[in-house]
A.B. asks: 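Below: one structure in structure tokens.
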Amino acid sequence: MKREFPLMITAAVGLFMILSFFVPHQLVSVPADFLQQSAIVVVAFGYVLGGANALKLNAETVYKRNPGWIYKLILVVALVSTVEIGVAEGPGFLDDGKRSRWIYDQLYSPMAATMFSMLAFYIASAAFRAFRIRTVEAGLLAIAALIVMLGRVPIGDLATSWLPTSLQLPTLQEWIMEVPQNAAKRAILIGAALGVMATGLRVILGIERSYLSGED
Amino acid sequence: MLRFFENLDRRWLFLLMGLLVLLPLLFPLALPLTVSPRVRNFHDAIAKIPDGSTVLMPCDYDPGGIPEMVPMTRTALKQLFDKNCKVVVICLWNGGPGLVDRVVRSVADENHKVDGVDWVNLGFKEGREAVMVVMGQGIANAFPRDYKGRDTRSLPIMKRVRDYSSFPLLVSISSGYPGTKEWVQQVQSRFHLPMVAGVTAVSAPEYYPYLQSGQLLGLLGGMAGAAEYEKIRDEKGTATRGMDAQSMAHVFVAICILLGNWVQWRKRKGGTA
Amino acid sequence: MAVQVSWTKEVPVPQTGPRLGVRLAPFAMLVVLASAHPVLAQGTAAPDTVLADSAAATGDLVPAPPRPPSGLTVKDVTNDAGRALDLTWKRSPDDEPGQTLVTQYRLERAPTPGGPWSVVDSASAGSEGRADQSVERNTEYFYRVTAVGPGGVTPALSVTGPVRATSQWINQTRWSVLILTVLFFGFVLFFISQAQSGKVPFVRRIPGIDAIEEAIGRATEMGRPVLYVPGILDIDEIQTVAGLVILESVARLTAKYETPIVVPVTYPIPFTIAEEMVKSGYLHAGRPEGYDPNSVRFVSPEQFAYTAAVGGIMLRDRPAAHIFMGAFYAESLLLAETGFETGAIQVAGTANVHQLPFFVVACDYTLIGEELYAASAYLSKEPKLVGALKGADFMKITILFLVLIGCILETAHIHVLTNLLQTQ
């Protein structure tokens, strides 16, 4: 029953939620709405679980002085102090002048922006190192990539402004994005959506059950 | 020379990229911009809503999306405030509320709009798509308190807001998940709320099918889209200033692709410099 | 069992109150106009004529109250749980673009034609419809709509009702989705039963999945761990489920080869499932004692904090094989490029199309879109899973035919299929 019971709950709730898409009657829609609201509560509580786990694992590493413990110590101190300061400051903890606001503006915000901006550098090195034209398809891809990259910025417009409109980079770029790219994107989206349905169906019907521990 | 490029330390590429981005910001080139139809449609969709309407504006991004998302948010807010529209802002990203509040507040102050009367930031709620669905039953149900902890139902702006039917338009500014795609799937499809979106450049192509089907009325793609939008509105915001840098960066990446393939081609030919 | 009541019967305004008001409406207008006269405007003014008084004091012309809207119809909103009624009306003749005689319309509701009336909503000038979503199911209501302007309010000419909001059992606009869903379920179940009876369908080779064993073998030879990243989203994302399912097969292989595995996870629920998957993998490989509880690590739900942590693992622990399976966003290139610099063999799979180019460029093998969902069936070779794969493929073929036929019909301006497949 240890494995069967969760599978039965999954099947019942999963099929019920599918049914709620087709049946608007209150006997189905009211419990479905309640389940969706409950999902918000469950996800919120998950943060408590995650925070406690992060604290436990990293505190253990610090205590045992395992390799890299100094970084774990910084993590634990940052985690505890951010939570404590935020709780102490209460609602409006991100108002101007508050310590939590300072942490957000001076630490979190610059760090997130910095990590994101590293992408620009990595794209350059990946483009130089790895974008190799070895086949006809790769060549077509490279040409399309160059047209789109240059066509989307003002310099591409400037460089080809002397050409007829239909041959200018922005026009070519627009056509590539609207026609072949769109078609391919739709096809992949449809395939992926069917994959989602198939995986979901397998989980709901208990065909995919490896996420439950124990013997089959 | 071939050997130099074969063994090129990528940090030289990083340095060059850094300079090519920094210098145009310090010494603007003022390259001309052309406005694309998608961006014009975004602007026109907002222009067509009745003056004084209340608009829902989910700002689903965090500090990583500042260069692309903040200019879009600012320009869209200005256009809405110019029409005396009231704006209800939410954020479904846990790292976003502080940034979004600052951006919205600064634009509102510039336009002399009153918090709680002309605009409100309902803040962040965990739950992603579930929040979107619960909002369909009542905005105040999903957000009983706003970002500042005030009772949502007591705010003047929320007196005439019940659910999605209270809005003539949804302006989604998002840099990932949850974001525009989820708003289209959960809200636009179910409640038929007209929608426009501002998204990151890398994810913009994903939304072209929604533009073609009419589910999105307009689309801003990345900083280029934000700069075009600023041009329509006759503003010289950060996106316009950033386009010079982006142009240089794109050209540099194109050169890297060509150079990398030239090196490979020469190697295959067996030539050495 | 569709129970739908749609009433649009306009009833004459009853004898009390409103009817008297209607009869006296022209006279009321005269009174209002007269009260604007500085000599005649004596005594207590009605609230709606305060503006008239102040205007009279300054000698300005007072606008008359706007003429009321007409043609009010109220219908039950179909395909819902009886939560709304749809009101439509013809605008007041005074509601013209550029004019300000009408500022808004008031929607009033009562349980009986005689009242008591309460304002349930308002609509701006120019509106011709509004949904009342504050109704109770199966309760009769009467409605009237009045136009409000600077000159005041003219009572409604008539009342519409009784109308009742009812719930329906089936959403009539979703038949096509229901049929296709049932068809899909049918395909999947049919091919599962076929596979279970021995007719296991052919699955083409997916090089990316074959490369996983190669990557783990390489890590074993080099004596270094395997890094497995199951995406950055929570368990409600199906890609995360697919990534965690593949983790079980990968854990089985690492257990078999006695290679350590490191699994950094973003959210708490995938973290607990990842633990179960790795444990299960070691169990199925017959090496439960080899399971290391610290191999699965909860890091952070914050995208770039997680990316920094995983980058740190790559640069410090130097895993020889990186396997990225799940949902990825901007961090995909950061992870893949950092991984490349360490010299690891990298296999990636995601259905986030906008990140595929980065993985294709920086990784040795990439699973595209649906291949990620097929991986669990491909790795386990379990008949049920392979049968489900074939069912999904048959559905794809069906959609392909529908798209082709639809394109041909639309080109010929025949909209039958498009109309059939429209949904709300």
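Note on naming: letters A, B, ... go to the chains in the order of the sequence lines (proteins, then strands), and numbering restarts at 1 for each one. What's counted below: heavy atoms across the whole structure, side chains too, no hydrogens, waters or symmetry copies.
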A.B. asks: Output the distance between atom CD (C/Glu302) and atom OG1 (C/Thr266), rounded to the nearest 0.5 Å.
C.D. replies: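 That separation rounds to 11.0 Å.
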A.B. asks: Mind checking whether C/Pro270 and C/Asp234 have side chains closer than 4.5 Å, heavy atoms only?
C.D. replies: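 In short, these two side chains touch, coming nearer than 4.5 Å.
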A.B. asks: Any idea which of C/Phe340, C/Phe271, C/Phe358, C/Tyr267 has the most non-hydrogen atom pairs under 4.5 angstrom with chain A?
C.D. replies: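 The option with the most such pairs is C/Phe340.
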A.B. asks: Quick one: what part of C/Val177 sits under 4.5 Å from any heavy atom of chain A, side chain, backbone, both or neither?
C.D. replies: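 Both backbone and side chain of C/Val177 come within 4.5 Å of chain A.
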A.B. asks: Is A/Asn66 close to chain C through its backbone or its side chain, or both, or neither, when contacts mean heavy atoms under 4.5 Å?
C.D. replies: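 No part of it gets close to chain C.
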A.B. asks: Give me the ring orientation class for C/Tyr291 and C/Tyr282: parallel if the planes are under 30° apart, tilted from 30 to 60°, perpendicular past 60°.
C.D. replies: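 C/Tyr291 vs C/Tyr282 ring planes: perpendicular.
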A.B. asks: Could you tell me which portion of C/Val361 (side chain, backbone, both or neither) has an atom closer than 4.5 angstrom to a non-hydrogen atom of chain A?
C.D. replies: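 Its backbone and side chain both get close to chain A.
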A.B. asks: What residue in A/Ser125, A/Ala184, A/Ala126 has the most heavy-atom pairs under 4.5 Å with chain C?
C.D. replies: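 With the most close heavy-atom pairs to chain C, the winner is A/Ala126.
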A.B. asks: Distance check, rounded to the nearest 0.5 Å: A/Gln181 atom CD versus A/Arg186 atom CZ?
C.D. replies: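 Going from the CD atom of A/Gln181 to the CZ atom of A/Arg186 covers 10.0 Å.
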A.B. asks: Under a 4.5 Å heavy-atom cut-off, does chain C meet the side chain of A/Leu27, its backbone, both or neither?
C.D. replies: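 For A/Leu27, side-chain heavy atoms alone lie under 4.5 Å from chain C.
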A.B. asks: Quick check on C/Thr338 against chain A: is it the side chain, the backbone, both or neither that has a heavy atom closer than 4.5 Å?
C.D. replies: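 Its backbone and side chain both get close to chain A.
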A.B. asks: Looking at chain C, which one of A/Leu119, A/Leu141, A/Thr199, A/Val48 has the largest number of heavy-atom pairs inside 4.5 Å, strictly under?
C.D. replies: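 That would be A/Leu119.
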A.B. asks: Is the NZ or CZ atom of A/Arg101 positioned over A/Phe93's six-membered ring, under 6.0 angstrom from the centre and within 45° of the axis?
C.D. replies: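 Geometry flag: not set, cation outside 6.0 Å or 45°.
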A.B. asks: Take the angle between the ring planes of C/Phe359 and C/Phe328 and call it parallel below 30°, perpendicular above 60°, tilted in between.
C.D. replies: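 Perpendicular.
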A.B. asks: Relative to chain A, which of C/Glu337, C/Glu370, C/Gln239 shows the most heavy atom pairs under 4.5 Å?
C.D. replies: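 Winner by heavy-atom pair count: C/Glu337.
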A.B. asks: So with a 6.0 Å cut-off around CD of C/Glu136, is the heavy-atom count from everything else above 12?
C.D. replies: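 Atom CD in C/Glu136 is not crowded, with 12 or fewer foreign heavy atoms closer than 6.0 Å.
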A.B. asks: Of the backbone (N, CA, C, O) and the side chain (C-beta and beyond), which part of A/Met111 lies under 4.5 Å from a heavy atom of chain C, both, or neither?
C.D. replies: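 No part of A/Met111 comes within 4.5 Å of chain C.
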A.B. asks: Where on C/Ile235 is there a heavy atom nearer than 4.5 Å to chain A: the side chain, the backbone, both, or neither?
C.D. replies: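 No part of it gets close to chain A.
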A.B. asks: Report which part of C/Ala308 has an atom under 4.5 Å of a heavy atom belonging to chain A: side chain, backbone, both, or neither.
C.D. replies: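 Backbone plus side chain of C/Ala308, per the 4.5 Å heavy-atom cut-off to chain A.
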A.B. asks: Which answer fits A/Tyr108, side chain, backbone, both or neither, if we ask what part of it has an atom under 4.5 Å from a heavy atom of chain C?
C.D. replies: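 A/Tyr108 touches chain C through side-chain heavy atoms alone.
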A.B. asks: Taking side chain as everything from C-beta outward and backbone as N, CA, C, O, which of these in C/Ile399 sits under 4.5 Å from a heavy atom of chain A? Side chain, backbone, both or neither.
C.D. replies: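 Only the side chain of C/Ile399 comes within 4.5 Å of chain A.
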A.B. asks: Using non-hydrogen atoms and a 4.5 Å limit, figure out which bit of C/Glu275 sits close to chain A: side chain, backbone, both or neither.
C.D. replies: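 Contact with chain A is absent: no heavy atom of C/Glu275 under 4.5 Å.
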A.B. asks: What distance do C/Asn352 atom CG and C/Leu233 atom CG have between them, rounded to the nearest 0.5 Å?
C.D. replies: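 If I round to the nearest 0.5 Å, the distance is 7.0 Å.
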A.B. asks: Side chain, backbone, both or neither: which part of A/Leu194 has a non-hydrogen atom closer than 4.5 Å to chain C?
C.D. replies: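 Both backbone and side chain of A/Leu194 come within 4.5 Å of chain C.
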A.B. asks: Please state whether the side chain, the backbone, both or neither of C/Leu372 comes within less than 4.5 Å of a heavy atom of chain A.
C.D. replies: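 Neither; nothing under 4.5 Å.
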A.B. asks: In terms of heavy-atom proximity below 4.5 Å to chain C, should A/Arg132 be classed as side chain, backbone, both, or neither?
C.D. replies: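 Neither; nothing under 4.5 Å.
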A.B. asks: Can you see whether A/Trp102 has A/Arg99 sitting over its ring - NZ or CZ less than 6.0 Å from the centre and within 45° of the normal?
C.D. replies: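 Not satisfied by the 6.0 Å and 45° rule.
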A.B. asks: Can you tell which part of C/Pro293 gets under 4.5 Å to a heavy atom of chain A, answering side chain, backbone, both or neither?
C.D. replies: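 Neither part, no heavy atoms under 4.5 Å.
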A.B. asks: C/Ser300 side chain to C/Ala305 main-chain N or O, any donor-acceptor pair under 3.5 Å?
C.D. replies: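 Pair absent, no side-chain N/O of C/Ser300 close to backbone of C/Ala305.
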A.B. asks: Does the side chain of C/Leu333 reach to within under 4.5 Å of the side chain of A/Ile123, using non-hydrogen atoms?
C.D. replies: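 Result yes, sub-4.5 Å side-chain heavy-atom pair found.
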A.B. asks: Most heavy-atom pairs under 4.5 angstrom with chain A, which of C/Ile170, C/Leu334, C/Asp80, C/Asp236?
C.D. replies: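 Heavy-atom pair counts peak at C/Leu334.
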A.B. asks: Please check if the side chain of A/Arg152 supplies one atom and the backbone of A/Gln173 the other of a donor-acceptor pair under 3.5 Å.
C.D. replies: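 Such a contact is absent between A/Arg152 side chain and A/Gln173 backbone.
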